[in-house]
Amino acid sequence: MLLVRPAGIEDLPALMRLAEASVPRLTNLPAHQERLAARLEQSTRALSAPIEAPGEECYTFVLEDRTPSTPEVVGTASLRACAGAREAYYTWRREMLIHASQQLDVRREVSILSLSHELSEASLLCAFSLDARYRGTPAERLLRRSRLLFAAQYPERFRTMMGVAMPGWLDDQLRSPFWESVGRRFFSRDFHEINELAGIHSKSFIAEVMPPFPLYEPLLSDGARSVIGSIHEAHHAAAADLRDEGFRDSRHIDLFDGGLLLEAPFDQLHCVRHGHWHPVRIDDAQSTAGQMPALVANQQAETFRCMMVPHALSATRQLLLSSAQAEQLGVEAGQAVLAVALAGDDREVPVC
Amino acid sequence: MLLVRPAGIEDLPALMRLAEASVPRLTNLPAHQERLAARLEQSTRALSAPIEAPGEECYTFVLEDRTPSTPEVVGTASLRACAGAREAYYTWRREMLIHASQQLDVRREVSILSLSHELSEASLLCAFSLDARYRGTPAERLLRRSRLLFAAQYPERFRTMMGVAMPGWLDDQLRSPFWESVGRRFFSRDFHEINELAGIHSKSFIAEVMPPFPLYEPLLSDGARSVIGSIHEAHHAAAADLRDEGFRDSRHIDLFDGGLLLEAPFDQLHCVRHGHWHPVRIDDAQSTAGQMPALVANQQAETFRCMMVPHALSATRQLLLSSAQAEQLGVEAGQAVLAVALAGDDREVPVC
Amino acid sequence: MLMRPIEFEDLDALQAIAVETGVGFTSLPDNREFLEARIAETREAFDTRDGDPELATAPANYFFVLEDDDLPTGVPRAERIAGCCAIEARVGLDVPFYNYRVGRLAQASRQLDLHRTVDTLFLSSDHTGDAEVCSLYLRPQWREKGARNATLLSRMRWLFMATWRERFPDRVLAEMRGRFDDQGRSPFWESLGRHFFPIDFRHADRLTGLGQKSFIGELMPRYPICTALLPDSARACIGQVHDQTRPALAMLNAQGLRFEGYIDIFDAGPTVEAYLDDVRAVRHSRELEAVISDRAESPGAPRVLASTTQQCATFRACWVGREVEEDRLILHPDEARRLGVESGERLRVLAD
Amino acid sequence: MLMRPIEFEDLDALQAIAVETGVGFTSLPDNREFLEARIAETREAFDTRDGDPELATAPANYFFVLEDDDLPTGVPRAERIAGCCAIEARVGLDVPFYNYRVGRLAQASRQLDLHRTVDTLFLSSDHTGDAEVCSLYLRPQWREKGARNATLLSRMRWLFMATWRERFPDRVLAEMRGRFDDQGRSPFWESLGRHFFPIDFRHADRLTGLGQKSFIGELMPRYPICTALLPDSARACIGQVHDQTRPALAMLNAQGLRFEGYIDIFDAGPTVEAYLDDVRAVRHSRELEAVISDRAESPGAPRVLASTTQQCATFRACWVGREVEEDRLILHPDEARRLGVESGERLRVLAD
């Protein structure tokens with residue numbers, strides 16, 4: 001049985017393991033003991049605080065496989081309340097300029113990259129890492145979307161816009177051609193070094209050393225241009241899944257590796273549009289009768305739980321759960337839960 | 001009986017009258033005989049052409065009051081397929097920069113205005129003018145929305161984003177404080193002169209004489225800053241109506257007078273979300289039985305018609321029209337029409 | 001050899017030179033109408049009376065030719081003209097005058113332990129209103145060593161400007177041809193201009209020569225460009241001259257003209273510049289009395305550059321093979337005839 | 001009156017000057033630790049041996065004091081110091097050096113029949129690595145007319161630089177205090193800086209004096225600013241000096257330093273600059289032999305500025321009341337003692 005719950009400090013060893021296993025390494029999931037510990041503490045604190053507007057909170061969740069005798073943490077994912085709460089969240093915004101000449105009777109479109117912190121105003125899905133054994137299984141969809149179900153329960157804690165940065169293309173030596181042509185010229189650092197600096201420390205150095213003017217794409221190297229708005233191949237499936245969920249390609253790319261940012265108005269996401277409140281009804285016999293899988297989440301911050309169950313409804317739209325499921329979710333008959341039926345996809349959907 | 005139909009060259013005198021009566025004068029509805037004639041011809045040509053993608057077309061409609069013995073044109077409104085089809089459509093985009101100092105431990109937000117042609121990609125509602133006797137009556141809502149019903153029938157002719165520029169605040173002498181502080185410095189012309197130039201001629205001079213750098217709002221005069229994103233008082237009601245329809249305040253303001261631009265994804269507009277196709281059924285008796293008014297439009301480009309009728313539906317969701325209404329709309333029993341029920345508002349809704 | 005203002009009768013010779021110089025000589029395109037207009041314009045400048053208030057503000061072009069008056073009188077005029085040069089009194093008044101200015105921006109980040117400056121190209125018209133020395137060309141058959149014809153062409157302009165000082169502004173510049181590769185291509189153009197101008201280098205150069213420069217303002221990149229993002233081949237061109245231009249540059253440097261960070265927007269060749277009153281030939285030339293004497297040894301090796309000071313329109317300059325004696329210069333009657341001066345007339349001379 | 005390098009024993013005097021000058025004298029804040037460090041730094045510079053390779057690249061500050069050696073020996077050292085001045089060998093290497101550059105951009109539109117240039121302020125660090133003459137102050141009691149102490153302070157620096165030429169780069173600049181209103185406010189700061197810096201002018205000025213300038217890079221407007229958008233009061237300050245600074249500016253202008261379009265970012269005061277080798281005092285000063293003679297008339301009115309050339313660390317300069325005779329300067333034994341020279345030693349002198 002797979003379950004998503006808030007991460008606690010006791011999950012630190014598992015998080016370190018997951019951070020080290022990410023390909024490519026994630027800026028926002030540094031394999032750095034103190035940094036991760038601080039994040040876990042911050043998350044726990046945020047969950048217990050009565051928050052009325054999004055701020056610096058970053059909520060970290062783990063996916064636990066409770067099937068083995070000892071439950072095992074096999075994935076993690078975070079949700080940042082506000083991408084630019086403490087300091088601006090910088091991206092490159094792609095824009096098209098029109099250069100027209102009456103004299104020559106021509107009109108040209110010229111692409112530029114402008115330093116932007118527009119996405120500072122969005123909430124950010126980030127730090128997603130899943131044990132290799134579970135990739136491509138429904139566990140992935142569960143872990144990814146559980147954050148959205150949490151946000152749906154506590155909309156006051158988040159922005160109306162959601163964003164997610166996809167890692168950009170790297171070559172065989174894990175070098176970013178975008179970084180080599182662009183970032184390195186300004187930061188005088190290796191890609192991995194700057195990624196670590198940005199992950200661990202403040203990012204204020206970005207505004208200090210970047211020129212305030214847009215860059216003309218045609219002037220960048222072929223290598224850099226070819227990866228603008230790219231997605232690292234290890235993340236193609238994730239991007240497809242996010243697009244299914246309602247995310248769209250944004251005008252923005254990652255400042256360091258040129259990777260694409262996806263965005264969506266929160267209320268346009270599948271989870272929000274198709275999520276419904278149901279009272280729980282315990283029915284061990286009928287709970288497996290759902291035709292489609294559904295994500296279901298309780299309505300508790302500190303003891304938030306999310307899992308995938310068959311979408312079994314009574315005639316009056318109560319959600320039918322087995323007593324084991326109800327126990328895992330920490331809910332009793334008559335309590336309300338949020339459930340989202342997932343459209344079936346080509347992948348096999350196990351009964352959790 | 002009020003009816004919206006495509007404008008033809010025979011409507012030129014009426015258009016001149018309406019252009020001269022607009023307060024303030026509208027850039028996109030110049031009281032200029034040749035220019036208006038050209039626009040009418042262009043509109044007629046566009047309606048009869050098999051258009052598959054939005055280009056330079058600008059569709060012009062008129063509102064005709066057929067109640068008097070001689071029908072009278074009492075309003076006009078246009079819909080530009082693509083704001084920046086031939087040349088870029090420039091606006092100021094408002095952005096917030098974050099200036100932070102570690103040394104002083106402060107963080108400041110600084111507003112800037114960037115020259116932008118992002119809205120070149122939108123379709124544009126423009127050139128709306130209504131005879132004073134009809135302002136504030138349902139005629140206004142009919143004329144304004146009829147363009148959207150047209151666009152809903154021919155989505156391939158328009159962009160997915162709709163924009164509309166609201167005239168900005170002017171002082172008692174009809175001077176724009178924004179123009180006096182900003183535009184005049186670059187264009188060396190009077191506001192009305194430049195408005196006329198921009199309405200009649202190409203707007204390519206904008207890129208030629210505007211500096212390519214953003215302007216810092218705090219450096220503008222108090223007068224200019226106070227009207228950034230304003231709406232001329234004669235257009236407050238129009239803005240409220242557009243917001244009801246689903247338009248939202250954009251980040252953009254008019255280049256010349258600082259007036260606010262409203263925008264909306266086309267598919268988020270009330271007319272689109274709540275419009276339905278119905279077959280016509282002629283029923284003189286029941287056609288007045290609708291509780292709410294509805295806009296109804298036929299499915300014809302060159303003989304497009306739109307009017308307001310009571311929203312009378314049969315049990316099987318046929319739209320009930322009187323024979324007079326059907327005749328005005330140019331439809332027969334069994335033909336499909338698009339109808340949008342309008343939520344009642346505080347204003348009295350006459351039975352048309 | 002005699003320097004004098006160009007005349008209409010020199011049109012054939014001028015066109016022959018234009019053909020000979022080919023592209024690469026921006027200011028002298030092979031276009032008879034243009035050249036004729038150019039002569040008309042320059043004659044008007046020479047004919048403007050001293051003291052005319054226009055002289056202090058209006059643009060004016062002074063175009064000179066080097067005539068070989070040692071040839072037999074039967075040789076056609078077109079074959080007597082050995083070269084040419086010009087002075088533009090005030091650039092950028094009729095049509096914009098563009099350069100890139102290589103500016104430096106400090107980048108400092110305590111966190112990255114980084115402090116340095118980054119070179120940036122800014123589009124600039126800083127030289128608007130300055131004087132320019134230009135259009136210098138010496139035909140190959142007059143290039144024999146020791147004749148010092150090139151020096152005469154280059155240097156006589158300083159004497160002209162010193163004598164008619166009120167016709168010129170305070171600053172003077174010269175634009176030097178930039179670096180080209182073995183295939184005759186400009187690496188700077190290939191990396192930069194090519195992306196913005198839909199024409200080839202020669203075409204762009206030719207239009208500029210014809211004064212048809214509005215395409216530059218229309219199509220130029222309007223944002224500053226960090227040189228760090230340009231390929232090495234383009235960066236290596238910045239402020240560097242064409243091999244064939246080295247002697248001309250050396251002559252101007254010797255006069256005190258310096259590279260102050262302005263380069264050509266097409267080929268990145270340097271602009272060299274100075275305050276006119278600081279130019280060595282202006283500082284060191286002086287006026288003295290001509291004394292005509294039959295007993296003067298006949299003209300020998302070029303020693304002193306002498307020029308007339310009476311009337312702008314009949315200006316003459318040539319080498320005199322004799323040193324200055326106290327406050328007078330002895331002229332052989334042949335030399336006096338060449339310069340068109342009488343005994344006692346004031347000359348401006350520059351010893352080597 | 002004697003010019004010499006500052007020594008640690010001058011600390012009290014230096015602080016007295018710092019208190020006397022108050023704010024407005026950016027480079028000399030009233031902060032004992034800072035002043036002590038400043039002396040240590042300058043002593044290190046003076047003590048660096050000629051030929052040290054560091055001299056060609058490293059920053060270095062040469063700080064001089066004017067000592068009144070005519071006072072009785074009993075007068076405490078702090079009361080003998082009449083003024084000070086300094087040379088910064090290379091600005092901008094330790095901390096960024098910022099200026100605004102007033103650049104011109106051409107605006108041309110055929111349609112508007114407009115062609116002109118627009119002044120724009122560009123943030124710039126173009127002077128990084130140049131030398132600066134600065135920190136000149138003469139205490140009021142030594143300002144009597146005819147004593148020419150101010151001229152001594154200002155001019156001896158050129159002799160020092162001419163003699164130790166290899167310690168300095170090619171260009172030298174001086175920053176002049178900008179215009180203030182009757183209430184002691186800078187109209188330029190009120191219109192510009194105030195909007196970006198959350199501190200007052202004095203505070204900003206003081207931090208800059210202490211070399212704590214990172215707040216400038218952090219908070220400065222990063223985009224160029226069109227001067228046309230600034231109020232007249234601010235525009236009128238651009239490149240203009242404080243009334244009290246006129247004499248200092250006149251002295252520097254007389255040496256050939258010119259305003260080349262760079263202004264202070266806070267008060268818009270001009271930077272004046274020159275190539276060091278072009279400075280009149282550098283060009284016209286020369287080395288000659290000192291001859292000490294009892295029969296020399298005793299020192300009269302200041303005629304010739306004389307300075308030592310043997311050792312940087314023991315540099316001395318003073319007025320000598322006697323003209324140069326051929327290639328030697330006769331010194332009275334008192335003058336020789338003052339300069340610490342022996343007969344036959346080489347001096348660098350500058351006649352008026």
A.B. asks: Looking only at non-hydrogen atoms, find the nearest pair between D:Arg116 and B:Phe186 and report the distance.
C.D. replies: NH2-O, 2.5 Å
A.B. asks: Go through the atoms of D:Leu192 and report whether side chain, backbone, both or neither lie under 4.5 Å from a heavy atom of chain B.
C.D. replies: both
A.B. asks: How long is the span from the CZ atom in B:Arg189 to the CG atom in D:Asp113, to the nearest 0.5 Å?
C.D. replies: 7.0 Å
A.B. asks: Looking at every heavy atom in both D:Pro221 and B:His99, which two are closest together, and how far apart are they?
C.D. replies: CA-CE1, 4.0 Å
A.B. asks: How far does CZ of B:Phe213 sit from CD1 of D:Ile225, to the nearest 0.5 angstrom?
C.D. replies: 11.0 Å
A.B. asks: Looking at every non-hydrogen atom in both residues, tell me the closest pair between B:Ser181 and D:Leu229 and how far apart they are.
C.D. replies: O-CD2, 3.4 Å
A.B. asks: Using non-hydrogen atoms and a 4.5 Å limit, figure out which bit of D:Ala108 sits close to chain B: side chain, backbone, both or neither.
C.D. replies: backbone
A.B. asks: Around atom CD of B:Glu193, are there more than 12 heavy atoms of other residues, nucleotides or ligands at under 6.0 Å?
C.D. replies: yes
A.B. asks: Side chain from CB out, backbone as N, CA, C, O: work out which of these in B:Val209 comes under 4.5 Å of a heavy atom of chain D, or both, or neither.
C.D. replies: both
A.B. asks: Under a 4.5 Å cutoff for heavy-atom pairs, which residue among D:Gln107, D:Arg194, D:Gln212 has the most contacts with chain B?
C.D. replies: D:Gln107
A.B. asks: Answer yes or no: is there a donor N or O on one side and an acceptor on the other, between the side chain of D:Tyr223 and the main chain of B:Tyr216, under 3.5 Å?
C.D. replies: no
A.B. asks: Examine whether an atom of D:Ser191 lies under 4.5 Å from a heavy atom of chain B, and if so say whether it belongs to the side chain, the backbone or both; otherwise answer neither.
C.D. replies: backbone
A.B. asks: When you look at CD of B:Glu20, are more than 12 heavy atoms from neighbouring residues, nucleotides or ligands closer to it than 6.0 Å?
C.D. replies: yes
A.B. asks: Check D:Pro198 against B:Val106 and note the closest heavy-atom contact, atom names and distance.
C.D. replies: CG-CG2, 3.7 Å
A.B. asks: To the nearest 0.5 angstrom, please state how far the CG atom of B:Leu104 sits from the CD atom of D:Glu218.
C.D. replies: 7.0 Å
A.B. asks: D:Phe196 versus chain B, heavy atoms under 4.5 Å apart: side chain, backbone, both or neither?
C.D. replies: both
A.B. asks: Report which part of B:Arg185 has an atom under 4.5 Å of a heavy atom belonging to chain D: side chain, backbone, both, or neither.
C.D. replies: both
A.B. asks: Which bit of B:Leu219 is near chain D, if near means a heavy-atom gap under 4.5 Å: side chain, backbone, both or neither?
C.D. replies: both
A.B. asks: Is there a side-chain contact between B:Ser188 and D:Leu114 in this structure, where contact means two heavy atoms from C-beta onward sitting under 4.5 Å apart?
C.D. replies: yes
